[in-house]
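Please read the structure below before turning to the comments.
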Amino acid sequence: MSRRRLTRQQKARIAALRERRLSQAQKAAGETPDSLDGVPHHGTVVVRHGRNLVIAGAENNLVACQFRQNLGDIVCGDRVVWHATGEETGVVTAVEERSSLLSRPDYGGHEKPIAANLTQLVIVAAPNPPPTGYLLDQYLVAAETFRLEAVFVLNKADLLNDSHTPLLDHFRTYEEIGYRVLQVSTKQHAGEEELRAVLKGQSSILVGQSGVGKSSLVNMLLPDLDIQTGALSQTSGLGKHTTSSATLYHLPQGGTLIDSPGVRSFRLVISERDQLERGFREFAPFLGHCHFSDCRHDSEPGCALTAAVESGKIAAWRLNHFRLMAQTLGNKK
Ligand code: GDP
Ligand code: ZN
């Protein structure tokens with residue numbers, strides 16, 4: 001977006017307008033539904049700053065909304081019912097049932113919801129910095145836990161050379177397990193069409209190590225990013241949109257992309273052995289076939305997973321990562 005120069009007078013007028021919108025919305029949040037515009041509208045939460053929400057309405061029009069405490073935690077991606085209180089203001093009166101909820105532990109160890117109704121986790125990796133296989137497998141466990149489809153983007157494909165055969169073999173294993181792997185280069189715009197097709201109609205979030213190119217991907221996928229963030233700060237009345245909060249962006253071809261710096265490097269805390277087992281998709285046919293019904297798939301005799309590795313049906317490194325993750329479970333069954 002071109003940065004227009006505003007006069008002091010214009011700035012003051014905009015600030016006053018923002019203030020008025022905010023107080024309108026705040027007042028409305030304390031009112032009963034009866035006193036609100038009778039028509040309920042549906043919308044999606046684009047961003048939340050404390051008690052303030054920005055909602056995208058049916059025509060992707062942005063509305064600054066407040067919500068009542070009794071609605072619980074509302075997060076980016078939530079589908080809500082709202083009532084207008086002004087031209088671009090409203091109050092949220094209900095949260096619709098979520099199809100998924102991504103959360104992560106806060107500093108106190110409590111699960112903190114981050115984004116709702118996601119359908120897809122896009123795991124970004126690159127030849128440089130090279131991926132940690134363990135971390136990639138953790139993301140897959142997260143995807144299975146939250147019931148999200150997982151897709152790998154191997155970015156910086158322009159850097160691939162003969163020395164990367166082991167890396168490509170690693171990703172071939174993921175493909176054999178049933179995950180899509182897309183080679184992309186934001187630098188050369190390679191693989192862009194395939195990636196757009198995978199994101200179309202989905203609600204996706206990008207995760208991956210720092211430096212693999214997530215910001216570059218967001219910029220490639222959202223040519224109008226500045227316009228969207230500009231419209232957001234204008235609607236929220238909270239000044240420049242800070243990208244520190246999870247934010248939902250509309251993709252030009254349909255579908256949404258939620259960007260959240262906090263989630264980009266997110267680590268899953270695995271709490272249940274069941275959850276861990278389900279996190280390794282290709283283990284499913286072998287579970288329940290070990291000699292001991294409470295087999296930990298470690299060094300027990302008659303372990304069906306160990307046998308599957310020996311017969312080449314499961315990659316040894318996948319079972320190793322499973323075992324390493326199992327150690328973080330402590331003594332829990
Ligand atoms: P993030 O930390 O995951 O958000 O990564 P960035 O988007 O900040 O990118 C990290 C570095 O990788 C930057 O210097 C980018 O210019 C570079 N980069 C991103 N995409 C590509 C690519 O496709 N090819 C190459 N060679 N470099 C890239
Ligand atoms: Zn076993």
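FYI, the numbering just counts along the sequence from 1. Both counts, for ligands and for their atoms, begin at 1 and track the order of listing.
With ligand atoms numbered from 1 in the order given, ligand 1 contributes 23 (O) to contacts under 4.0 Å with heavy atoms of Ser185. The Leu159 neighbourhood of ligand 1 comprises atoms 26 (N), with distances under 4.0 Å to a heavy atom of that residue. Atoms of ligand 1 lying under 4.0 Å from at least one heavy atom of Asp158, given by number and element, are 22 (C), 23 (O), 24 (N), 25 (C), 26 (N). Distances below 4.0 Å separate heavy atoms of Lys214 from the following atoms of ligand 1: 1 (P), 3 (O), 4 (O), 5 (O), 7 (O).
Note that the OG atom of Ser204 and the CG atom of Asp259 stand 12.0 Å from one another [nearest 0.5 Å]. Atoms CD1 and CD1, on Ile205 and Ile123 in that order, are 12.0 Å from each other to the nearest 0.5 Å. Here the CG-CG distance, from Asp78 to Leu101, works out to 7.5 Å after rounding to the nearest 0.5 Å.
The residue Leu217 has no part lying near ligand 1, judged by heavy-atom distances below 4.0 Å. Using a 4.0 Å cut-off between heavy atoms, Val124 makes no contact with ligand 1 at all.
Contacts of Phe171 classified as ring pair (Phe, Tyr, Trp, His ring centres under 6.0 Å), with partners at least two apart in sequence or in another chain: Phe152, Tyr174. Scored by the ring pair (Phe, Tyr, Trp, His ring centres under 6.0 Å) test, Phe322 finds Phe280, Phe283, His297 as partners (sequence neighbours excluded). For Arg180, there are no salt bridge (Lys or Arg N to Asp or Glu O under 4.0 Å) partners, not counting sequence neighbours.
Because its NZ or CZ atom is both nearer than 6.0 Å to the ring centre of Tyr179 and within 45° of the ring axis, Arg281 counts as a cation-pi partner of that residue.
Each of Leu154, Asn155, Val198 was scored for a side-chain contact (heavy atoms from CB on, under 4.5 Å) with Leu182, with one residue passing: Val198.
Nearest-heavy-atom check against atom 23 (O) of ligand 1 across Thr186, Asp259, Asn219 picks out Thr186.
For ligand 1, the polar-atom distance check finds no N/O of Val184 at less than 3.5 Å from any of the ligand's N/O atoms. Residue-to-ligand polar distances place Gly213 within reach of ligand 1: an N/O pair is separated by less than 3.5 Å.
In this structure the side chain of Gln183 reaches within 4.5 angstrom of the side chain of Leu160, judged on heavy atoms.
Within 6.0 Å of CG on Asn70 lie more than 12 heavy atoms contributed by other residues, nucleotides or ligands.
Ordered by chain and number, Cys290 SG, Cys295 SG, His297 ND1, Cys303 SG make up the set of protein N, O or S atoms under 2.8 Å of the Zn ion (ligand 2).
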